Amino acid sequence: MSSPSWFEASARQRVKEMLDQDSFVEFIGPEQRETSPHLSLFDLPEQFDDGMIVGRGLLDGKPVFIAAQEGRFMGGAFGEVHGAKLTGLLRAARDVGSIPVVILFDTGGVRLQEANAGELAIAEIMRAVVEARLAGVPVVGLVGGRAGCYGGGGLTAGSCSALAVSEQGRISVSGPEVIETNRGVEEFDSKDRALVWRTMGGKQRYLIGGADVFADDTVASFRDAARYVIEHAAALDLDTLQAEQVRLEQRIERFGACADAIDIWRSMGAADPQSLPGMAFEDFVALADGLKETRHVAR
Amino acid sequence: MTVWDSGRIARASRLQAGARYAKGKHVARKDATALLEAVIQPGDRVCIEGDNQKQADMLAAALAAADSGKLHDLHMVQSGVVLPEHLDIFERGIARRLDYAFSGPQSQRIARLLFGGKIELGAVHTYLELFARYFIDLTPQVALIAAVSADREGNLYTGPNTEDTPAIVEATAFKDGIVIAQVNEVVDKLPRIDIPSDWVNYVIESDKPFYVEPLFTRDPAAITETQILTAMLAIKGIYAPYGVQRLNHGIGFNTAAIELLLPTYGERLGLKGKVASYWALNPHPTLIPAIESGWVKQIHSFGSEVGMDDYIRARSDVYFTGPDGSLRSNRAFSQVAGLYACDMFIGSTLQIDLQGNSSTVTTDRVAGFGGAPNMGSDARGRRHPSEPWLRAGKEADPDSPALMRRGRKLVVQIGETFGDKNVPLFVEHLDAIELARKLDLDLAPVMVYGDDVTHIVTEEGIANLLLCRDNDEREQAIRGVAGYTAIGRARDAKMVQRLRERGVIRRPEDLGIDPLDADRRMLAASSIKDLVRWSGGLYAPPSRFRNW
Amino acid sequence: MEKLTYRHVAALRAKGTRDQAIVGVVASGNLEVLVERGLPDGECEVEIRTPVEGFGDVWSAVVVDFVGRSSPGGLKLSINDGGARPDMVALRLAQAVRAIEGERS
Amino acid sequence: MLLADILASLFPGGHEVIVQGGLASGRGTLPSGSQLAVIGVDGRLPVGIDEAARLARHVLDVTTSGSNDPILVLVDSDSQRMSKRDEMLGLSEYLAHLAKCLIHADAHGHPTIGLLYGHTAAGAFIATALATRVLLALPGAEPAVMDLPSMSRVTKLPIEVLQEKAKSTPVFAPGLDNLAQTGGVAAVLDPTRSLADQLEAVLTTVAGTGLQADTRDQLGKQRQGRPKAADIAERVRELALASV
């Protein structure tokens, strides 16, 4: 049987199937019933793992810490418990100093019913990501789930050593509906899904250097991508940050006047930029790797 | 002295009134309302073309902008009440009486206007009935239609979404009526001529293409495990034993699941070539994997589907296409095909009662059924035999002599026992009855009558109503597949068990189906993108269905 | 939020040796079932938390059928419901038993 | 307080902080004589890619200056800039980069202090004020993740109901008190006293190089705003360490 779709799979399936067989050990699993203490205030159902699975396992026989968000529970949003599990895992990685962390993002951002706790969780997670990286630990992110990687999830992903994204993946701070609600449909039509994907989807992110690896929508492809980005993770030091500064400033210089992603792709040299969204995986990777100018994506 | 050509005289004077806005047959968009005010007269029967797919939306808006002092008391005779403008004209008094067949998004507002007395309702028809009445007692005086393009002479290319146009124009143009077409563009040379220019009186170039709703696009990503289970039951418990070769599918997710299981589950059951070869069906994107896997021999379509045009063009062995290569749909002919040349209809509904009557009308929604009642009924005029038809007939009436026994069309209702928001599919009484009382109608809007229904498929199993010998059995057979709805829980367990032993009710385990095997991984495509891949990139889904 | 608890006598001990399993997700129209061993072999308990109140008789009927069809002896099943329909509940309960009995999905 | 008043109170001897296009940068000398680098967002400016890149550039300039100056981050911002352009060009990367630069500076001898004196929200909040080691605030500051009307739209609960619920928990509603109780804001300064004195007192507690433990979750537990975060994080950490 072919490898299951990453987009379709649950967080548990992704974790189980991307790690070596039977190697996953969960920390504070669902049987501990450490659920959100806040959802009942809103008469909302809890989930036993609060939508976040953390633990350790083996990838090609090598130990990794792994965290996965369930994008279908509360849109994968960060709540108090959900976030604290990841914080604790990252702090452990920092303390150990040698075991990489793989984060399977699938989130709409902060869980509004516990917004302050979620916002602070993200601040703590980002600090813990940086601490782990400063301790020499690769922290890598995989983005290709139903909920995308929005809000604080996008910021956390941006703090990682390296990212893999699939076509389905979206990385952004404000979601399409939020932009439309605040700025009007003229600014952004959230129902125009082609627009959503070419603005914040996986292909655009890969092309402009927002992600290091473009994965196919299968667990196997993400597993390969995870192995690759762990190997090639950038260290976090002053050089990296300065390189990232230059990279980001150059992006504004080069594409800051573009009205649409199609214009960006055209100015990158894509002969038929309109065809990129529909392009099959292999064709796109071949084309993109010819276009991408910043080979080493400093982040 | 008797005048025998008053209609022709009236038409001449209408044309004269409209002539000042026209250059030849061509009228500017800005004069559309003025033209309508000139050629339509108060009390006229008017048809605005529009069904569950295509809409003559510019002309609908032009009519809605008319002066209600000049145009009033119109009698609208049209397939669809779908656009807000279709009801605005009633609110503004431009129109008063309505005969129609389908209303999707406006079903709630139409109910309010009916209750408020703003609409005088003739009847809710099926498409085919309404077309029929165009030729008998509801012939339009003016038809407002939509086409893709016109040439200078006024010939029309209606293209893949030809749909209702031929039926409307035939009835109007040949009975002294006026035909006004909105077109997306005027060109020198048409790809093909669907409507000849001498049946068309005016052509108006619209500022944007006429609207088409992608009504038949079902995203495989939304198909549930339960729907897959019902699809497996239908394939193994109905398609296979009856050997159904000629059929029509509804638009729900259960039948979309069936389409996506043919190349996987159907293949495993060895059914390829034995079932589901000939279709009366719109170009469902979810049928692409089955077509690509060689299951489908031929499809005739009521209309087209947004994004399917290139795929259809490249699969002319399967679809009906013109010399230009594009699809030719025709709702009237396809409805006739579904009625007389198909051995099965399978589709979903919102409510089923204890007699098996079903309806999608609820007390605050007057939906109209479009084509479903024709598809979902036994054609009493049918005379040609086929194996499924004869077999169904025999099950219903085992004792009559074979040579004198009518066959039966398989009419299958498929669904989950609970629908959206936990609303039960099975009810004691249809809401349609309550609605008919409130509106003082002569007839409750029933979509499929119980005596036409042969099977009901739910996740709990299949009820074969052909094998029921009396009303009691029929009721218990229905209760026996009604799951945990109040209807289902009130079953006579012993009788249901006896029905099961007789094969009237068949549970998944009776068919060798393990509900736990109903997995999304069985679907030949699990996303719209998968469908695009199956089509070799020929299917171009509308933006709202994309996630790339 | 309504909490419902049902205890039943079960004919057979659930097979396998796994201590626990979890299936499903708490999302609209869906639910999660956490299944754990720990009860005497002839007993089964189903505990439900649901935001949709007033459907106790439906839940009860679903659970009775589940205990009759599966052999959930010794199992405690805990449900967080996201407003699932009975057919989905029945499916998840069956999946939960299959999962703890050790079959790989 | 206005930015000018804050700067005057911090640096009675004068300063070299300039505000350009809503972004502040420069340095000042505290009465004790110690130098302080300053960056900031003023006038409720939304933080988009251009703003984030400029702020990060200032932080990197401080990090490479060879000094050991602490960095003061002054915040009166809108949320992140919500626009097609910003998201198309990867706003998440820009905001994350700014946060990384601040945390990196903190770890390399430049203790970071945030001072919230106006509004801030969502992604802009995370990338500026919440990326500092110690977050201070002035009375009247209005931190928010999302405003109640938007929250009401998303949760489909009336604003009155949300306001009622907010009385029993600090966990979701906007406001300085709620952020303080959940551990996000360490202390609220007294505007009637010298800000310089109060800041110097804080600086003595954060003196020294290298990262210090992030104690915001502990603070949230002590203040009973976040009952579970600290314990869950610590339990996971211990389980993970034990698993190695």
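Remember, it's a predicted structure, so these values are computed and weren't measured experimentally. Just so we're on the same page: letters track the sequence lines, and every chain starts at 1.
Both the backbone and the side chain of C:Ser78 come within contact range of chain A, judged by heavy atoms closer than 4.5 Å.
To the nearest 0.5 Å, atom CG of residue C:Asn30 and atom CZ of residue A:Phe73 are 12.0 Å apart. The CZ atom of A:Phe48 lies 6.5 Å from the CD1 atom of C:Ile22; values are rounded to the nearest 0.5 Å. The structure places CG of A:Asp49 at 9.5 Å from CG of C:Asn80, a figure rounded to the nearest 0.5 Å. C:Glu32 contributes atom CD, which lies 11.5 Å from atom OG of A:Ser10 (distance to the nearest 0.5 angstrom).
A salt bridge links A:Arg33 with C:Glu36: the closest approach of a Lys/Arg side-chain nitrogen to an acidic carboxylate oxygen falls below 4.0 angstrom.
Annotation for C:Ala27 and A:Arg72: closest pair CB-O, 3.4 Å, computed over non-hydrogen atoms. The two residues C:Pro51 and A:Asp43 come nearest to each other via the heavy atoms CB-O, 4.0 Å. Considering every non-hydrogen atom in both A:Glu70 and C:Val25, the closest pair reads CG-CG2, 3.4 Å.
Here the side chains of A:Pro45 and C:Met1 are in contact, with some heavy-atom distance below 4.5 Å. Side-chain contact between A:Glu46 and C:Val26 is absent, with no heavy-atom pair separated by less than 4.5 Å.
Within a 6.0 Å sphere centred on CG of C:Asp41, other residues, nucleotides and ligands contribute more than 12 heavy atoms. Atom CZ of C:Arg37 sits in a crowded spot, with more than 12 heavy atoms from other residues, nucleotides or ligands closer than 6.0 Å.
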